[in-house]
Colleague: 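The structure under discussion is supplied below as structure tokens; questions concerning it will follow.
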Amino acid sequence: MPYDFANIEQKWQERWNESHCFESHTDPSKEKFFCLEMFPYPSGALHMGHIRNYSIGDVLARFLRKNGKNVLYTIGFDSFGMPAENAAIKYKTRPHDWTLSNIAYMTEQLKRMGYSYDWRREAITCLPEYYKWNQWIFLQMYKKGIVFQKEAPVNWCSTCGTVLANEQVVEGGCWRCGTPVTKKNLKQWFIKITDYAQELLDDIEKDLGGWPRRVRIMQTNWIGRSEGARLSFKIPELNYELEAFTTRFDTVYGITFIALAPEHELVKRMKDSMNAEDAQKLSEFVSLVSSQSSIERSDAGAEKLGFKTPFYGIHPVTGKKIPIWIANYILIDYGTGAIMGVPAHDQRDFDFCRKYDIPIIPVINPSDGTVLDGSTMTHAFEEDGIVCNSENFNGMKTSDAIKAMIDWGEKENICKREVNFKLRDWLISRQRYWGTPIPFVYCDKCGVVPVPEDQLPVRLPEDVEVKEVGHSPLLDLPEFLNTTCPHCGGPARREADTMDTFFCSSWYFDRYCSPGDDKAPFEKSDVDYWMPVDQYIGGIEHACLHLIYARFFAKFLTDIGLTKYREPFTRLLTQGMVIKDGAKMSKSLGNTVDPTEMVKKYGADTIRLFILFAAPPNNDLEWSDRNVEGAHRFLNRVWRYVEENAEALKAHGDKIIPMNAIKDSKLRELKRKIHTTIRDVTHDIYDEKQFNTAIARLMELVNAVYALNDSSADSWTLKREAVDVLLNCLSPFCPHITEELWQMLGHQNMLCLEAWPSADDESLVKDSVTIVAQINGKVRGKFERPAGMEKSELERSIMSEKMIQDRLMGHEVVKVITVPDKLVNIVIKG
RNA sequence: GCCGGGCUGGUGGAAUGGUAGACACACGGGACUUAAAAUCCCGAGGGCGUAAAGUCCGUGAGGGUUCAAAUCCCUCGUCCGGCACCA
């Protein structure tokens with residue numbers, strides 16, 4: 001008869017709830033541990049990826065609690081966002097209702113899994129008591145001068161009907177729906193995350209040692225620092241000084257053209273100074289380029305298009321006239337939106353020049369003595385080499401030349417050292433309804449005016465009908481739009497755009513520290529105590545999104561004195577995907593497994609055990625119904641042993657026999673097994689976060705207990721010790737069944753409050769060890785020897801074994817390597 | 001193209017310089033049973049060998065360092081991931 005998991009799990013969930021045992025309190029006298037999981041979007045139901053994420057977190061939270069830490073562990077819902085609007089249209093409901101009912105359902109699912117959350121701390125971002133503080137923080141950023149509006153070509157997704165931040169464009173498409181992103185000129189709200197680019201970069205090295213290397217590299221690439229110089233070209237005809245950024249100032253003598261992005265401000269000036277016919281051609285070129293999607297335009301393999309203007313810039317070093325082109329491959333938002341074209345040493349410029357027949361002048365030759373010829377080169381020479389065709393600098397090595405030439409250029413006022421970042425300012429506006437209203441109003445008299453803090457929150461009207469994708473119902477709500485100017489009291493209009501939902505998720509962990517605070521986003525003393533997060537767990541897909549934004553928030557909040565930590569997440573664990581039939585589980589592939597059904601069939605403990613045992617957390621995990629059965633079978637095996645032997649085990653629970661009082665070798669072996677299990681499981685959970693091997697050790701302990709067929713009193717006492725340790729160590733993984741069996745054995749206290757066992761050194765000592773005998777590195781025999789034998793004695797003892805003697809016959813022993821308690825390797829000749 | 005991470009039995013995976021394959025799944029055998037399921041026990045990398053003994057091979061391929069390499073180094077293959085016209 002399999003154990004009755006349904007009733008047992010419900011029983012213990014009720015007990016935990018009634019006893020408030022997972023509620024934590026700010027208490028500086030205790031050592032804290034903040035265990036955080038990426039909170040879910042309430043899409044309707046939990047999927048296996050969530051179950052995996054939260055099962056990992058719960059093991060750590062329960063383990064650390066048992067180890068005396070004051071653990072903060074809770075959950076919330078990242079509940080603003082577009083799917084609610086789409087669902088509202090599809091199901092003829094309101095985003096608000098759809099979202100809250102999803103939250104209710106998913107909360108039930110989470111509770112059914114037995115996660116040890118402090119539910120009082122839950123944060124739901126779509127409620128005014130949360131998003132009020134989004135608005136408040138946004139205003140603090142505005143006060144600090146890092147929030148601004150600008151009109152710029154921004155990423156536009158036509159399917160979602162909204163703009164996107166740079167981080168939300170994946171391979172030229174929208175991160176949610178994949179629609180190719182186009183550029184659109186719009187006036188939008190931005191946050192100057194670029195002010196923090198250097199610090200975001202520096203702190204990766206300095207403080208993120210507890211993060212996977214992969215994520216650190218991804219962020220480093222994303223921030224994309226490059227060092228170089230800024231130089232300028234005078235354009236006498238237009239009375240303009242055109243600036244360009246380069247990382248290769250050493251190739252400055254190789255400039256044969258200048259290229260501008262079609263969006264560059266100079267383009268308009270040029271048109272004004274051109275004859276009507278040419279100006280018309282230029283306009284046509286610019287609109288051709290702007291009609292290209294960002295994939296067509298900015299993919300590495302995309303065709304380069306150019307337009308030759310009648311203007312020239314003056315080379316800052318040689319004074320020569322350099323023709324100015326407009327080219328589709330120049331990006332307006334990197335550097336200055338203009339480049340010095342050096343076709344001999346830049347493949348893009350090379351391709352462009354070959355196409356438009358622009359001269360190519362090599363100024364670096366390969367170190368092997370080859371002399372390049374611009375007319376016959378087949379590709380750009382981008383490696384380091386020796387400078388040529390560059391007057392005084394000829395003969396220098398590239399690495400020296402870059403430095404020397406910039407030094408010289410700075411002295412001569414030709415260039416200026418500069419650092420550029422790939423990271424762009426964070427575009428925060430969204431043309432959506434279901435998000436945090438941006439707390440600004442537009443007044444004809446006073447302009448753009450922030451909503452005063454005492455008037456927050458700017459409430460999002462909930463009783464609306466979303467009619468079509470991409471059209472915010474706020475635009476049809478005069479009672480929302482029409483307001484009075486906080487400045488002059490005259491009529492004004494509210495900002496109808498809402499915030500990127502990544503704003504909500506950039507500080508929710510601070511809110512967890514001070515739930516329900518209505519005076520501030522959080523209480524400083526709470527956050528000072530709990531933050532930073534000691535262990536963060538979530539998917540790798542947020543490496544360059546949420547994890548950058550949240551780091552930026554941390555630095556900003558510290559700068560305005562609200563917090564004192566500069567990095568929010570000390571350690572990060574990125575769990576792999578849950579795979580079925582070789583592909584990521586997804587609705588569109590129809591290969592999902594419903595957690596609720598699985599829990600109904602096997603119980604939460606089984607699902608948790610399976611998902612933690614099947615693979616180490618950072619690997620992808622292949623779903624296997626058979627292995628779920630296997631996990632279930634193991635729990636039944638544990639249950640059966642304890643239940644069938646409950647009387648004997650109970651009768652022997654009043655003492656622990658120390659190792660030195662045990663004579664029988666089988667019993668000594670079990671005693672040792674108990675303590676090596678404690679040692680290894682502790683190490684695997686805390687140091688390695690390798691739960692699959694921790695569970696394997698517990699399975700071994702169960703096998704060892706089953707294997708001991710000895711009904712002496714000492715044997716039962718030991719088996720009782722083994723079972724107590726087993727239940728305690730298994731409880732973070734499978735909390736319900738272990739509580740029930742713990743109680744069955746007569747324990748009064750709840751197991752979740754019981755201290756983690758500690759391994760007793762004396763019980764870890766081995767009586768005898770297997771010594772591997774090798775000859776020339778090959779295993780030739782294994783011999784039992786007492787542990788701790790002295791090196792020379794061990795060597796003598798193994799060498800004198802008949803089997804070894806036979807093999808040494810007729811050979812010369814060259815040398816013997818002995819590793820105490822492990823092996824003897826005899827090196828022979830002949 | 002650049003950067004990073006993998007590659008170990010039929011399968012998921014152990015082992016981070018010292019007995020390769022822990023633990024589990026699947027499989028085979030046995031016990032129990034009228035039978036089956038469940039359970040308990042046993043076996044198992046591959047080759048040669050009836051078997052035992054033995055012996056050889058074996059961690060993507062090849063080379064190197066070492067008494068000793070899945071583990072360290074070099075070259076290559078392959079798969080996955082990230083970035084990619086960022087001047």
Side-chain angles (χ1 to χ4, degrees), chain A residues 1-2 170-172 212-222 224-226 228 244-248 251 259 261 297-304 327-331 333-342 345-349 351-352 382 420-424 540-541 543-544 576-577 579 609-610 613-616 618-631 633-634 636-637 640 644 680 690 692-700 702-703 706-707 709 770-782 814-819 821-828:
Chain A
M1 252 275 279
V170 179
E171 284 172 14
R213 197 149 76 107
R214 206 172 143 204
V215 178
R216 290 184 313 195
I217 289 168
M218 284 166 77
Q219 290 212 351
T220 304
N221 291 341
W222 189 260
R225 183 182 201 272
S226 53
F245 172 74
T246 180
T247 54
R248 292 295 303 272
T251 64
R297 173 146 170 215
S298 68
D299 195 70
E303 196 192 1
K304 293 183 175 40
N328 67 339
Y329 74 99
I330 310 304
L331 306 171
D333 51 2
Y334 185 76
T336 63
I339 60 140
M340 61 177 222
V342 183
H345 307 290
D346 183 295
Q347 191 59 41
R348 297 157 298 177
D349 295 347
D351 295 342
F352 188 72
E382 294 181 323
N420 257 291
F421 293 94
K422 196 172 83 89
L423 183 75
R424 306 293 153 82
I540 186 114
E541 64 274 15
C544 292
M577 294 184 296
I579 301 279
L609 184 69
F610 160 74
F613 180 61
N618 32 357
N619 281 26
D620 284 348
L621 182 152
E622 172 80 30
W623 184 269
S624 155
D625 289 332
R626 287 204 188 274
N627 288 341
V628 175
E629 300 261 4
R633 203 177 306 148
F634 170 73
N636 273 304
R637 188 168 153 88
R640 206 176 307 117
E644 284 172 3
D680 295 346
Q690 181 134 302
N692 56 331
T693 50
I695 293 165
R697 295 291 91 80
L698 293 170
M699 288 173 167
E700 285 177 35
V702 172
N703 292 343
Y706 265 89
N709 282 313
T770 306
I771 304 295
V772 175
Q774 297 183 330
I775 293 175
N776 286 345
K778 291 196 173 179
V779 179
R780 293 303 181 194
K782 295 170 189 179
V814 180
K815 102 187 195 190
V816 181
I817 286 101
T818 304
V819 182
D821 286 349
K822 273 203 177 133
L823 95 165
V824 175
N825 186 12
I826 306 158
V827 185
I828 59 173

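Computed over heavy atoms, backbone and side chain alike; hydrogens, waters and symmetry mates excluded.
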Colleague: Side chain of A:Glu700 only, heavy atoms from C-beta on: which candidate in B:rG82, B:rC23, B:rA87 is closest?
Modeller: B:rC23
Colleague: Hey, which of these two, A:Asn776 or A:Tyr329, hits RNA chain B nearer its 5' end, going by closest nucleotide?
Modeller: A:Asn776
Colleague: Treating a pair as Watson-Crick (purine N1 to pyrimidine N3 plus N6-O4 or O6-N4) or G-U wobble (N1-O2 and O6-N3) with both distances under 3.5 Å, list the stems of 3 or more consecutive pairs that involve RNA chain B.
Modeller: B:1-7 with B:77-83, B:10-12 with B:23-25, B:27-31 with B:39-43, B:45-48 with B:54-57, B:60-64 with B:72-76
Colleague: If you restrict it to nitrogen or oxygen atoms, what contacts under 3.5 Å exist between nucleotides 12-14 of chain B and the protein, and what is each distance?
Modeller:
residue, atom, partner, partner atom, Å
B:rG12, O2', A:Ala614, O, 2.6
B:rG13, O3', A:Asn692, ND2, 3.2
B:rA14, OP1, A:Asn692, ND2, 3.2

Colleague: Apply side-chain contact (heavy atoms from CB on, under 4.5 Å) to A:Ala694 and list each qualifying residue two or more places apart in sequence or on a separate chain.
Modeller: A:Val681, A:Asp684, A:Ile685, A:Phe733
Colleague: Quick one: which protein N/O atoms are closer than 3.5 Å to N/O atoms of nucleotides 41-49 of chain B? Pair and distance per line, please.
Modeller:
none

Colleague: Regarding A:Arg424, tell me which of base, sugar-phosphate or nothing describes its non-hydrogen contacts under 4.0 Å with the strands shown.
Modeller: base
Colleague: Report the residues that fulfil side-chain contact (heavy atoms from CB on, under 4.5 Å) with A:Ser226, sequence neighbours left out, ordered by chain and then residue number.
Modeller: A:Phe245, A:Thr247, A:Tyr334, A:Asn420
Colleague: Which value, in whole Å, describes the distance between the C1' atoms of nucleotides B:rC7 and B:rA70?
Modeller: 11 Å
Colleague: Considering only the C1' atoms, how many Å lie between B:rA31 and B:rC57, rounded to the nearest integer?
Modeller: 37 Å
Colleague: Can you name the side-chain hydrogen bond (donor to acceptor under 3.5 Å, both in side chains) partners of A:Thr336, sequence neighbours left out?
Modeller: none
Colleague: Report the residues that fulfil side-chain contact (heavy atoms from CB on, under 4.5 Å) with A:Ala327, sequence neighbours left out, ordered by chain and then residue number.
Modeller: A:Ala259, A:Tyr329, A:Ile330, A:Phe352
Colleague: With sequence neighbours left out, what residues match A:Asp625 under salt bridge (charged side-chain N to carboxylate O under 4.0 Å, His left out)?
Modeller: none
Colleague: Can you name the salt bridge (charged side-chain N to carboxylate O under 4.0 Å, His left out) partners of A:Arg225, sequence neighbours left out?
Modeller: A:Glu227
Colleague: With sugar-phosphate meaning primed atoms plus P, OP1 and OP2, does A:Arg225 contact a base, only sugar-phosphate, or nothing at under 4.0 Å between heavy atoms?
Modeller: nothing
Colleague: Considering only heavy atoms and no angle criterion, is a donor-acceptor pair shorter than 3.5 Å present between the side chain of A:Lys304 and the base of B:rC85?
Modeller: yes
Colleague: Listed by chain and number, what are the side-chain contact (heavy atoms from CB on, under 4.5 Å) partners of A:Ala696, not counting sequence neighbours?
Modeller: A:Phe613
Colleague: Base, sugar-phosphate, or nothing for A:Thr246, non-hydrogen atoms under 4.0 angstrom?
Modeller: sugar-phosphate
Colleague: Measure all distances between protein nitrogen or oxygen atoms and nitrogen or oxygen atoms of nucleotides 16-20 of chain B, and list the pairs falling under 3.5 Å.
Modeller:
residue, atom, partner, partner atom, Å
B:rU19, O2, A:Lys782, NZ, 2.7

Colleague: Check salt bridge (charged side-chain N to carboxylate O under 4.0 Å, His left out) between A:Glu700 and all other residues, then give those that pass, not counting sequence neighbours.
Modeller: A:Lys673, A:Arg697
